[in-house]
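This report refers to the structure that appears directly beneath it.
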Amino acid sequence: MPVDSVELARFLIGRVLVHESRAGTTSGRIVETEAYVVGDAACHAFRGPTARNRSLFLERGHAYVYLNYGVWYLFNISSESRGVGAGVLIRALEPLEGVALMQVRRGSDRLRDLARGPGRLTVAMDIDRRHDGLDLCADGPLWLGRISGPAAQIAASVRIGITRDAHRLLRFYERGSAFVSGPARLGGAGG
DNA sequence: CGGCTGATGATCT
DNA sequence: GATCATCAGCCGG
């Protein structure tokens, strides 16, 4: 696993996220991420640890899950050494296993929309605060698997939905994927 | 497809 | 009391 937050954000594109829940197993291929780095005013850890964000300060590879807008859980992976607050937001998955279960959880049959967007993917995968702080590289219900499919062509853009440090190109996604969230016009930079 | 808006509640100041 | 790392639904072209 890369030592740098931006490297991790790129490294995660194409890898599989698996949740083995009581209701069944769901998994998806990560197609979109955003890095929230050290010294980044948009990062929740920017002002130091709190009860909510403490998982960002765990060794890289731990889950940070928080409630956004009082409605949606957003799933991140801590990305630096223990004591350093930074992480990678998982923004979209291409559904692999457990599509039928995802459809039930999401209340929708539309494959493309099941896990396209950070709030949708936690619903489809049934990820919430119970998973906050889990080591995603250890034995457990939620874990990171290997690369799925051919090597992805990765593009970069500005991050979505933030106002501070908004100009930085810290969003990464698989070029051409139908499962990437956000307006298409944000695409185009890098590769 | 792009643009807009209300919902909604934990968290932090 | 302000601030959100969003989403579904609605509208116009």
Side-chain angles (χ1 to χ4, degrees), chain A residues 5-6 8-13 17 28 30-58 60 62-80 84-95 102-133 136 142 154-174 176-189:
Chain A
S5 295
V6 173
L8 177 62
R10 301 180 66 103
F11 169 89
L12 288 169
I13 302 292
L17 179 68
I30 297 170
V31 295
E32 180 183 355
T33 62
E34 281 176 358
Y36 289 85
V37 303
V38 174
D40 173 7
C43 179
H44 284 185
F46 185 62
R47 294 174 195 277
T50 67
R52 175 178 72 160
N53 71 17
R54 64 187 169 201
S55 295
L56 282 175
F57 293 82
L58 296 175
R60 61 182 62 77
H62 287 74
Y64 165 51
V65 184
Y66 75 96
L67 188 63
N68 184 54
Y69 290 97
V71 183
W72 311 100
Y73 289 100
L74 268 57
F75 172 68
N76 303 254
I77 300 174
S78 68
S79 55
E80 297 285 339
V84 180
V88 174
L89 171 69
I90 309 302
R91 283 197 60 91
L93 302 175
E94 175 181 339
M102 291 188 190
Q103 288 171 328
V104 171
R105 288 170 175 163
R106 286 269 298 121
S108 166
D109 285 344
R110 294 193 56 191
L111 178 65
R112 182 167 180 256
D113 291 339
L114 286 184
R116 184 171 128 266
R120 294 179 185 140
L121 77 87
T122 55
V123 172
M125 296 286 285
D126 191 25
I127 294 171
D128 60 31
R129 266 240 128 187
R130 300 187 313 252
H131 306 284
D132 184 62
L136 302 171
L142 188 63
I154 300 173
S157 82
V158 295
R159 294 173 291 185
I160 294 177
I162 62 167
T163 55
R164 297 173 308 202
D165 272 341
H167 60 287
R168 308 179 72 171
L169 298 177
L170 292 175
R171 170 176 174 256
F172 304 97
Y173 61 97
E174 177 176 29
S177 171
F179 298 94
V180 168
S181 79
R185 70 173 189 283
L186 285 176

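Please read these numbers as outputs of a predicted model, since none were measured by experiment. Chain letters run A, B, ... following the sequence lines, proteins first and then strands; every chain starts at 1.
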Side-chain donor or acceptor of S78(A) paired with backbone N/O of L56(A) under 3.5 Å: no
Set of side chain to side chain contact (heavy atoms under 4.5 Å, CB included) partners for V38(A), sequence neighbours left out: E80(A), V84(A), A86(A)
Only pairs under 3.5 Å count here: list side-chain donor-acceptor contacts from residues 114-128 of chain A, not counting sequence neighbours, and write none if there are none.
from: R116(A); atom 1: NE; to: V180(A); atom 2: O; distance (Å): 3.4
from: R116(A); atom 1: NH1; to: D113(A); atom 2: OD1; distance (Å): 2.3
from: R120(A); atom 1: NH1; to: R116(A); atom 2: O; distance (Å): 2.5
from: T122(A); atom 1: OG1; to: Y73(A); atom 2: O; distance (Å): 2.7
from: T122(A); atom 1: OG1; to: G119(A); atom 2: O; distance (Å): 3.1
from: D128(A); atom 1: OD1; to: R130(A); atom 2: N; distance (Å): 2.9
from: D128(A); atom 1: OD2; to: R130(A); atom 2: NH1; distance (Å): 3.1

side-chain hydrogen bond (donor to acceptor under 3.5 Å, both in side chains) against R105(A), all qualifying residues, sequence neighbours excluded: S21(A), T26(A)
Contact list for residues 160-169 of chain A, test side-chain hydrogen bond (donor to acceptor under 3.5 Å, both in side chains), sequence neighbours left out: none
Contacts of N68(A) that satisfy side chain to side chain contact (heavy atoms under 4.5 Å, CB included) - sequence neighbours left out: Y66(A), L74(A)
Rounded interatomic separation in angstrom, taking OH from Y66(A) and P from dC12(B): 12 Å
Nucleotide dC12(B), atom P - distance to CZ of R164(A) in whole Å: 12 Å
Residues which pass side-chain hydrogen bond (donor to acceptor under 3.5 Å, both in side chains) with H131(A), listed by chain and number, not counting sequence neighbours: none
Atom-pair distance (CG on N53(A); P on dA5(C)), nearest Å: 12 Å
Sequence neighbours excluded - ring-ring contact (aromatic ring centres under 6.0 Å, His included) pairs with any residue from residues 104-128 of chain A: none
Residues that F57(A) engages under side chain to side chain contact (heavy atoms under 4.5 Å, CB included), provided they are two or more places apart: A45(A), P49(A), N53(A)
Length of the CZ-P vector between R159(A) and dA5(C), whole Å: 11 Å
Runs of at least three Watson-Crick or G-U pairs with DNA chain B, cut-off 3.5 Å: B:1-7 with C:6-12, B:9-12 with C:1-4
Close approaches to DNA chain B from residues 40-50 of chain A, in residue order (heavy atom, under 4.0 Å): R47(A), T50(A)
All N/O pairs under 3.5 Å across the protein-nucleotides 6-10 of chain C interface:
from: dT6(C); atom 1: OP1; to: R91(A); atom 2: NH1; distance (Å): 3.4
from: dT6(C); atom 1: O5'; to: N68(A); atom 2: ND2; distance (Å): 3.4
from: dT6(C); atom 1: O4'; to: N68(A); atom 2: ND2; distance (Å): 3.2
from: dT6(C); atom 1: O2; to: W72(A); atom 2: NE1; distance (Å): 3.2
from: dC7(C); atom 1: OP1; to: P118(A); atom 2: N; distance (Å): 3.4
from: dC7(C); atom 1: OP1; to: G119(A); atom 2: N; distance (Å): 2.9
from: dC7(C); atom 1: OP1; to: R120(A); atom 2: N; distance (Å): 3.1
from: dA8(C); atom 1: OP1; to: R106(A); atom 2: NH1; distance (Å): 2.9
from: dA8(C); atom 1: OP1; to: R106(A); atom 2: NH2; distance (Å): 3.3
from: dA8(C); atom 1: OP2; to: R120(A); atom 2: NE; distance (Å): 2.8
from: dA8(C); atom 1: OP2; to: R120(A); atom 2: NH2; distance (Å): 2.7

Residues which pass side chain to side chain contact (heavy atoms under 4.5 Å, CB included) with E94(A), listed by chain and number, not counting sequence neighbours: R29(A), V31(A), F179(A)
